[in-house]
Amino acid sequence: MTSASQSILLVDDNPLFLKLLAQAFTRAGFTCHTAHSAPEALSMLKAQVPDIILSDYEMPEMNGLEFRQHLLDDAHLKDIPFVFLTAFDDQQIMYSGLDLRAIDYVIKDTPVDVIIAKINNLLHTVNMQRQLSELEIRKTVAALNIKAVPQKLPKINGFDIDLWHQDFQDIPGGDFIDFIEADDRYLFIILGDIMGKKWKAWFYTFTYLSYIRAAIRFGVSDNQYSGAAMLQKINEVIYHDEGLRDILCSLSLICLDKQTGQLSYTGAGDLPLLHYHSLTQEIRPIESTGLLLGMLPDGNYTGQPITLAEGDQLFLFTDGLTDFVADGAKKSDYQQFAGHLKQQLDGGVTFTEFKESLQKQSSKWVDDCSIIYICKILPHA
């Protein structure tokens, strides 16, 4: 038996054999998905990613080797463990499959219970290797002592600023946060999200943070405080950096003027911020126009002012808080999160209490989660 959390995608153009396999794997405790062709499987993989794929070789339209090559060409799918299912013992086909980084092959006339046992063993081996890799990553992160989220919050007269962050499965990922006090007057608040998961995204966070910090400090040294201009400079550097090619990033940038209490906002492919109006108890999204960093040479970045009245609250957050799993597929609902947040704020829940509720739900998250809270309060005397 296997854990009910493990899922398998079965791909075969023989409907009777596919049904037999699906019934057997379901009885064995798998969450089972089926496709009658490779193109159908590729379509399904856009919505849900299984723990392992068992695919027939001999299929019309696209055979198993061609299907496997399509997966290898997709950065989001290439690492799914893949096993070939073949009706004949052809050594050349088997070698070709293994050359495409398939982890094994199964002959179709193998008893079904043996096929299931083999898949279980393969998954166990893959999971053990993954756990060992994750342990090494945690050790490396601890040894380097490099943080993508600050340990100290800024203290700004007239504002309460806080954050909550949770790595997906406790492995450092692509979310990063920074508070940059470039001079005595301006505080820059940064929330970014590298596209990807876990340590592969985490690896790039420090390169991005270095570019962002440099652009902000160079801008301030030239008396240039425009977030849009800063993001454009960052975008140009990243777009032409071969080491970051195809490594895209969303970013929310807030510039807080400590003298006037005014905020300005520029975004790059980020989720709309949420502004909770204390007086009317309305919650309104604030959208940006900019593209993901590194997507095109011109990101079309524009800045916009944000005025917070006393008691107003502003929230910046990554898509980990809007994503969830339903019916075996990853889905996203921004409005659902906004509605839940408004309900909590209407009920007088503080951000500290909201953070505690988020922490209790940490087992349901399917990505890194980050949220920054900015509240306008009475200035200290």
Side-chain angles (χ1 to χ4, degrees), residues 148-150 154 161 163 165 173-183 185-196 201-258 260 262-275 285-308 314-320 334 368 370-372 374:
V149 176
I161 300 174
L163 67 85
H165 170 80
D175 284 10
F176 60 89
I177 295 172
D178 205 2
F179 302 112
I180 304 170
E181 294 196 60
D183 59 15
R185 179 169 177 176
Y186 293 98
L187 168 70
F188 292 88
I189 300 171
I190 304 294
L191 175 61
D193 183 6
I194 307 289
M195 302 294 102
W202 172 81
F203 177 80
Y204 292 101
T205 59
F206 307 106
T207 303
Y208 267 89
L209 273 171
S210 296
Y211 282 145
I212 292 165
R213 290 165 178 161
I216 288 174
R217 295 194 182 280
F218 278 125
V220 169
S221 67
D222 290 336
N223 294 316
Q224 172 58 263
Y225 298 93
S226 165
M230 291 176 180
L231 280 195
Q232 182 56 36
K233 289 291 185 184
I234 297 166
N235 182 70
E236 289 172 1
V237 173
I238 289 171
Y239 181 80
H240 292 99
D241 186 331
E242 292 187 3
L244 292 178
R245 184 167 293 166
D246 301 324
I247 307 299
L248 303 178
C249 176
S250 66
L251 193 78
S252 302
L253 171 63
I254 296 285
C255 177
L256 192 161
D257 186 332
K258 291 180 278 187
T260 65
Q262 184 68 35
L263 291 80
S264 62
Y265 159 59
T266 307
D270 56 336
L271 290 177
L273 313 187
L274 285 172
H275 181 179
I286 303 175
E287 299 188 38
S288 66
T289 59
L291 300 176
L292 290 166
L293 291 173
M295 179 173 284
L296 292 173
D298 183 2
N300 191 34
Y301 305 113
T302 58
Q304 54 183 304
I306 298 176
T307 301
L308 298 183
L314 185 67
F315 298 90
L316 298 67
F317 50 96
T318 57
D319 57 7
Y334 174 90
D368 306 320
S370 301
I371 184 168
I372 298 176
I374 305 170

Minimum heavy-atom separation for Cys249 and Met195, please, with both atom names.
N-CG, 4.4 Å
Result of checking Val237, Asn235, Leu248 against Leu293 for side chain to side chain contact (heavy atoms under 4.5 Å, CB included):
Asn235
Hey, could you give me the CD1/CD1 distance between Ile189 and Ile254, rounded to the nearest 0.5 Å?
6.5 Å
Measuring from Tyr265:OH to Leu253:CG, what's the distance to the nearest 0.5 Å?
9.5 Å
Check step by step if side-chain contact (heavy atoms from CB on, under 4.5 Å) holds for Tyr186 and Asp257.
CA-CA 5 Å; Tyr186 293 98; Asp257 186 332; 3.7 Å; yes
Give the minimum heavy-atom separation between Lys258 and Glu181, together with the two atoms involved.
NZ-OE1, 2.8 Å
Does a side-chain heavy-atom distance below 4.5 Å link Ile161 with Leu187?
yes
Do any N or O atoms from the side chain of Thr318 and from the backbone of Ser370 form a donor-acceptor pair under 3.5 angstrom?
yes
Residue pair Gly269 / Ser250: nearest heavy atoms and the distance that separates them
O-CB, 3.5 Å
Trace of the side-chain contact (heavy atoms from CB on, under 4.5 Å) decision for Leu316 with Ile177
CA-CA 10 Å; Leu316 298 67; Ile177 295 172; over 6 Å; no
Taking the side chain from Ser226 and the backbone from Gly303, do they hold a donor-acceptor pair closer than 3.5 Å?
no
Ile306 and Gln262: which non-hydrogen atoms are nearest, and at how many Å?
O-NE2, 3.0 Å
Just by distance, with hydrogens left out, do Ser288 and Asp270 show a side-chain donor and acceptor under 3.5 Å apart?
yes
Please evaluate residues Tyr208 and Asp193 with respect to the criterion side-chain contact (heavy atoms from CB on, under 4.5 Å), reporting the C-alpha separation (whole Å), side-chain torsions for both, the decisive distance (0.1 Å), and the verdict.
CA-CA 10 Å; Tyr208 267 89; Asp193 183 6; over 6 Å; no
Gln232 side chain to Gly299 main-chain N or O, any donor-acceptor pair under 3.5 Å?
yes
Nearest 0.5 Å, please: how far is CG in Asp298 from CG in Leu291?
8.0 Å
From Ile372 CD1 over to His165 NE2, what is the distance, rounded to the nearest 0.5 angstrom?
11.0 Å
Looking only at non-hydrogen atoms, find the nearest pair between Ala268 and Leu231 and report the distance.
CB-CD1, 4.2 Å
When you look at Phe188 and Ile212, which way does the side-chain contact (heavy atoms from CB on, under 4.5 Å) test go after all the steps?
CA-CA 10 Å; Phe188 292 88; Ile212 292 165; over 6 Å; no
With rounding to the nearest 0.5 Å, note down the distance linking CD1 in Ile180 to CG in Asp183.
12.0 Å
Residue pair Gly174 / Asp368: nearest heavy atoms and the distance that separates them:
N-OD2, 2.8 Å
Interatomic distance, CD@Gln304 vs CD1@Ile286, rounded to 0.5 Å, equals 6.5 Å
